[in-house]
Amino acid sequence: MKLITLGYCCKKSKQNHENAVIAAKNCGVEAPVNISDTMEMMKYGVMSTPALVIDNKVVSMGRVLSVAQIEGLIKGRMTEE
């Protein structure tokens, strides 16, 4: 499973990334990679940050997710596999 957080220029994006790191650790998956380059973010069709991508699918954008919310998304993707 590959997690990516998009955006790191504002407090909300930093918090979203930190929450994703904790959630990944709690779920036993690899820590997320962060992308802050605008051109790279546009490849995902994201125009509003923070955003979270799981296995190349944008699952959230424009809001900070809690650790529990991110864990739920990770576990949901794990059951699909």
Side-chain angles (χ1 to χ4, degrees):
M1 177 173 294
K2 184 175 181 180
L3 301 177
I4 300 171
T5 56
L6 303 177
Y8 205 71
C9 59
C10 66
K11 184 177 179 179
K12 288 181 179 181
S13 291
K14 290 177 184 178
Q15 184 64 58
N16 200 58
H17 179 74
E18 290 170 11
N19 290 352
V21 169
I22 294 166
K25 182 178 179 183
N26 291 348
C27 292
V29 298
E30 191 174 326
V33 173
N34 180 262
I35 296 176
S36 58
D37 179 70
T38 305
M39 296 305 287
E40 286 296 313
M41 287 190 283
M42 288 177 63
K43 290 179 183 177
Y44 290 96
V46 170
M47 297 297 182
S48 178
T49 60
L52 177 65
V53 178
I54 300 178
D55 292 334
N56 293 316
K57 180 181 177 187
V58 177
V59 295
S60 174
M61 76 172 94
R63 65 189 187 111
V64 178
L65 297 174
S66 69
V67 172
Q69 288 172 314
I70 297 170
E71 287 175 356
L73 291 168
I74 291 170
K75 290 174 183 173
R77 293 292 293 175
M78 291 171 113
T79 58
E80 290 177 10
E81 293 178 354

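Just so it is clear, the values below take in all heavy atoms, side chains as well, and ignore hydrogens, waters and symmetry mates.
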Validation row: [X], [Y] side chains within 4.5 angstrom (heavy atoms):
X   : Y   : answer
Y44 : I4  : yes
H17 : P50 : no
T49 : M61 : no
M1  : I54 : yes
V53 : L6  : yes

Return the [atom1] to [atom2] distance between [X] and [Y], rounded to the nearest 0.5 Å.
X   : Y   : atom1 : atom2 : result
N34 : L3  : CG    : CG    : 12.0 Å
T5  : E18 : OG1   : CD    : 10.0 Å
K14 : C9  : NZ    : SG    : 8.5 Å
I35 : S13 : CD1   : OG    : 12.5 Å

Examine distances only and state if a side-chain atom of N16 and a backbone atom of V64 form a donor-acceptor pair shorter than 3.5 Å.
no
Note: S48 and G62 closest approach over all heavy atoms is OG-CA, 3.3 Å
Which atom of A20 lies closest to which atom of L52, heavy atoms considered:
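Shortest heavy-atom contact: CB-CD1, 4.5 Å.
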Verdict with reasoning, L65 to R63, per side chain to side chain contact (heavy atoms under 4.5 Å, CB included): CA-CA 6 Å; L65 297 174; R63 65 189 187 111; 3.5 Å; yes
Those residues at least two apart in sequence (or on a different chain) that pass side chain to side chain contact (heavy atoms under 4.5 Å, CB included) with A23 are V67, I70, E71, I74
Exercise. Hey, mind stepping through M41 and D37 against side chain to side chain contact (heavy atoms under 4.5 Å, CB included) and telling me if it holds?
Worked result: CA-CA 6 Å; M41 287 190 283; D37 179 70; over 6 Å; no
Are [X] and [Y] connected in the hydrophobic side-chain network, where two residues link if heavy atoms are under 4.5 Å apart?
X   : Y   : answer
V59 : V29 : yes
V58 : L73 : no
M42 : V33 : no

